[in-house]
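Hydrogens, waters and symmetry mates play no part in the numbers below; they use all other heavy atoms, side chains included.
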Amino acid sequence: MAQYELNLVDYWFIVRKQRLTIIMTAVLVIFLSFVFTEAFQPKPVFEATARVKFDRTSTVSNLLLESFTYASGNDLQTQTEVARSFPVVEQVAKELKMVPVNPTDEARGSVSYLNSIYQLQGRISTSLEGPTSIIQISSRADNPELAARIANLTAVAYREENIKARNRMVIESRRFVEEQLASLESRLAEAETSLSDFKEREGQVFLNEEAKAALDIFTKLEADLNRILRQKDEAENQIQILIKADKTGGSLGDRIFTEEPNSILASLNSKLLDIIQERNTLLINYTPQHLMVRELNRKIANVKDEMVRELVSKVKSLNDRQDSLQGQIDRYRERYFGFPKAAIELSRLEREVKINADLFATLKSKHQELKIKSAEQIEEVSVIEPAVPPSGPINQTNPQMNLIVSSLMGVFLGIVLAFMRESFDTSIGTIEGVEEYLKLPVLGVIPAFSDKEQRDAAARALPNISPESIDVFSRLVCLYDPKSILSEGYRSFRTNIQFACKDQDIKTLLFTSAGLGEGKTTTVINLALTFAQDGKRILLVDADLRRPLINRRLGLPREPGLTEVLVGGVPWQSAVRTVTDLMLGPLGVDHVMNNPALDNLNVLTSGALPPNPGEFLGSSSIVDLIGEFREEYDLILFDAPPILPIADAITMSSKIDATILVYQVGRIGRSALKRAKFLLDHAHAKMLGVVLTNVRAEITPEYGYYRYEYR
């Protein structure tokens with residue numbers, strides 16, 4: 001339709017006109033929403049939630065680490081991940097009998113075992129409850145009881161895992177002290193046995209006061225030396241632990257013990273364990289190759305290097321003190337070399353017993369303290385609200401809401417589609433619209449026709465022709481049914497052309513279209529037949545050297561034709577087909593004889609398809625050829641290719657007296673039609689008018705005038 005500004009009334013008319021589209025769209029959306037809701041109804045999923053509270057403790061157990069320090073950097077966000085970590089979920093899976101309770105190492109590393117854990121982990125989610133320290137543990141399952149059980153088991157497993165983690169340092173420190181106690185007890189027993197054997201063998205040994213004082217100093221120096229040697233061995237062992245852990249990748253178990261809780265080494269040890277636990281938390285959800293995990297590994301290596309440097313410095317200091325004490329011991333040994341050997345041996349044995357006894361007593365006291373701390377059972381997690389089976393699935397549909405939403409969406413989508421149909425309808429539906437838009441007169445209106453009806457009519461008019469020929473000749477309505485409405489449309493088109501050319505010397509007409517399939521060839525053939533029936537000597541030239549159709553429509557051979565004439569191989573008089581060729585074709589003698597007007601129709605087919613059709617149609621020889629045609633015939637009709645795909649018609653248009661544009665209503669948009677008109681004007685083609693094809697008349701009450709629309 002022609003372009004104009006829309007107002008509210010126009011919008012209402014569009015809604016009225018497209019009301020069926022709106023109603024059908026709304027009904028279809030409502031229907032499909034219910035169908036898809038029922039057909040793709042998801043399996044019911046139930047969600048249950050347990051709530052636990054996390055409190056960072058500050059009991060004496062957190063101050064135990066005279067021999068070990070522990071990281072204190074866990075935040076609540078980390079705890080939410082720990083609550084669904086692999087160890088926790090593994091314990092839940094064991095309780096649910098999803099995996100063996102006591103798996104072997106091989107079974108624990110199997111794919112099926114790990115998949116069971118990870119599948120269960122995917123059904124568990126954790127989150128913080130606002131700014132509080134309460135963690136919500138939610139689980140999903142296909143029945144409410146299982147969902148509640150998984151949530152409760154996860155809460156309990158998380159609590160037990162937290163207890164293990166927080167008491168693991170005390171337990172390991174206690175185990176370390178117990179190992180040292182066993183070793184010291186053995187050494188103390190050996191020292192006491194040696195002292196007893198010496199006294200039985202040597203009897204009572206007497207020394208003067210000066211000798212006793214010297215031996216006491218000598219004994220103290222040796223005790224200090226032994227302590228330095230023990231500290232040195234401990235530092236060297238710590239260096240080996242750090243180096244070994246660095247080579248094997250490190251873990252939370254690769255830690256060191258220190259008797260100096262306030263030293264730099266203790267601070268570095270605490271920092272190291274903080275980073276290790278942070279990395280282990282990330283490894284719950286990420287692989288060791290993840291960027292964040294690799295960055296924490298780098299920090300761990302840096303802290304270990306700093307600890308190794310600190311320990312190396314400590315070993316160097318202890319070596320200096322060892323050398324100093326050893327020098328003092330040597331001087332005392334030289335000074336009091338004359339002491340009785342029995343007295344010196346007795347003093348050494350007594351000193352060995354005293355040192356081992358004192359150290360054994362210290363470790364025994366430490367062991368009692370650690371036993372007390374182990375009994376405290378540090379608990380930071382408490383279950384404050386267990387999960388209960390949910391009353392309904394979380395993915396349950398709401399039919400009422402579904403109806404409301406689908407109705408609104410259907411009406412909205414229907415209105416959108418209605419206006420889209422109007423906006424995308426870029427065709428021009430009225431004669432007035434075409435003439436106004438192109439500034440060209442409409443010379444003819446060819447009514448729409450049914451292919452089946454035309455084949456039936458052709459079969460009745462041409463009974464002795466094969467079905468293949470019927471399909472070809474069914475488009476030549478002016479030949480077999482000259483009294484039909486369709487033939488009358490072509491005759492009206494012929495009359496309008498005659499009036500348009502009345503005062504002009506127009507003997508050559510070029511027929512083209514904007515795009516493919518607009519009925520151009522059918523129109524020009526039937527127009528040629530009507531002119532021939534009117535007594536005009538007509539030459540129909542197939543100038544479409546890419547997809548020629550005239551020879552097929554008339555049942556004529558394609559070669560020789562226009563191509564052979566242009567290259568000079570055949571005179572055009574020999575290439576032109578006459579009524580004789582039509583008689584020899586599929587039409588036969590009887591049908592041609594019944595149409596005497598065919599004597600006035602001559603046809604020049606396309607000939608062989610050249611590799612460069614544009615150069616043929618743009619050559620100077622075609623101008624000479626057209627001049628010869630003008631001398632011989634009353635009217636020459638050229639069937640040219642479409643304009644927009646190729647430029648052959650534009651090339652020829654300037655050499656022809658007038659051009660007629662064929663437009664199938666509704667096939668292409670107005671912008672494409674306008675572009676075709678512009679290209680012809682730009683080539684200085686003389687536009688005679690437009691012919692509309694495949695249209696039907698309809699009385700439209702909204703506009704109140706006779707209007708042609710496509711179907």
Side-chain angles (χ1 to χ4, degrees), residues 1 3-51 80 84 119-132 134-152 154 385-427 429 666 669 698 700-703 709-711:
M1 62 182 180
Q3 297 288 332
Y4 56 89
E5 295 294 332
L6 296 178
N7 52 36
L8 290 177
V9 177
D10 296 319
Y11 287 121
W12 171 243
F13 281 152
I14 292 174
V15 172
R16 282 187 56 191
K17 179 182 176 182
Q18 302 290 342
R19 61 184 177 274
L20 185 59
T21 299
I22 298 174
I23 294 173
M24 292 301 295
T25 303
V27 172
L28 183 62
V29 170
I30 295 173
F31 174 74
L32 289 179
S33 82
F34 278 96
V35 168
F36 278 102
T37 300
E38 293 300 324
F40 298 98
Q41 180 74 25
K43 190 176 181 179
V45 176
F46 297 88
E47 184 177 72
T49 302
R51 300 167 71 228
T80 60
R84 59 184 299 273
Q119 288 176 4
L120 180 59
Q121 189 179 46
R123 297 160 63 179
I124 301 172
S125 61
T126 56
S127 62
L128 285 176
E129 190 173 298
T132 66
I134 296 175
I135 300 174
Q136 294 182 345
I137 301 176
S138 302
S139 65
R140 295 185 177 184
D142 53 6
N143 66 77
E145 291 76 16
L146 180 59
R149 189 182 179 201
I150 293 175
N152 290 328
T154 304
E385 182 180 320
V388 295
S391 58
I394 60 175
N395 58 346
Q396 185 176 9
T397 58
N398 188 334
Q400 293 79 11
M401 183 59 66
N402 189 16
L403 176 62
I404 294 173
V405 173
S406 61
S407 299
L408 293 176
M409 289 181 60
V411 172
F412 176 76
L413 183 60
I415 294 175
V416 170
L417 290 177
F419 280 92
M420 285 177 62
R421 288 190 63 183
E422 288 294 320
S423 62
F424 288 160
D425 183 11
T426 58
S427 62
E698 181 181 273
T700 308
E702 286 86 352
Y703 298 97
E709 291 188 351
Y710 63 90
R711 61 176 182 173

- prompt: Side chains of T132 and R51: closer than 4.5 Å at any heavy-atom pair?
  reply: no
Once you round to the nearest 0.5 Å, how far does [atom1] of [X] lie from [atom2] of [Y]?
| X | Y | atom1 | atom2 | answer |
| --- | --- | --- | --- | --- |
| R149 | N143 | CZ | CG | 10.5 Å |
| L408 | L413 | CG | CG | 12.5 Å |
| T49 | I137 | OG1 | CD1 | 9.5 Å |
| M409 | I30 | CE | CD1 | 11.0 Å |
| I124 | T154 | CD1 | OG1 | 3.5 Å |
| F46 | S139 | CZ | OG | 12.5 Å |

Nearest heavy-atom neighbours spanning [X] and [Y]:
| X | Y | value |
| --- | --- | --- |
| P389 | A148 | N-CB, 3.6 Å |
| A151 | A387 | CB-CB, 3.7 Å |
| N152 | A50 | OD1-CB, 4.0 Å |

task: Please lay out, stage by stage, how V45 and D142 fare under the test side-chain contact (heavy atoms from CB on, under 4.5 Å).
output: CA-CA 5 Å; V45 176; D142 53 6; over 6 Å; no
field: R84 side-chain N/O to Q121 backbone N/O, donor-acceptor pair under 3.5 Å
entry: yes
Once side chain to side chain donor-acceptor pair (under 3.5 Å) is applied, do any residues pair with [X], and if so which ones, sequence neighbours excluded?
| X | value |
| --- | --- |
| T25 | none |
| S406 | none |
| R140 | E47 |

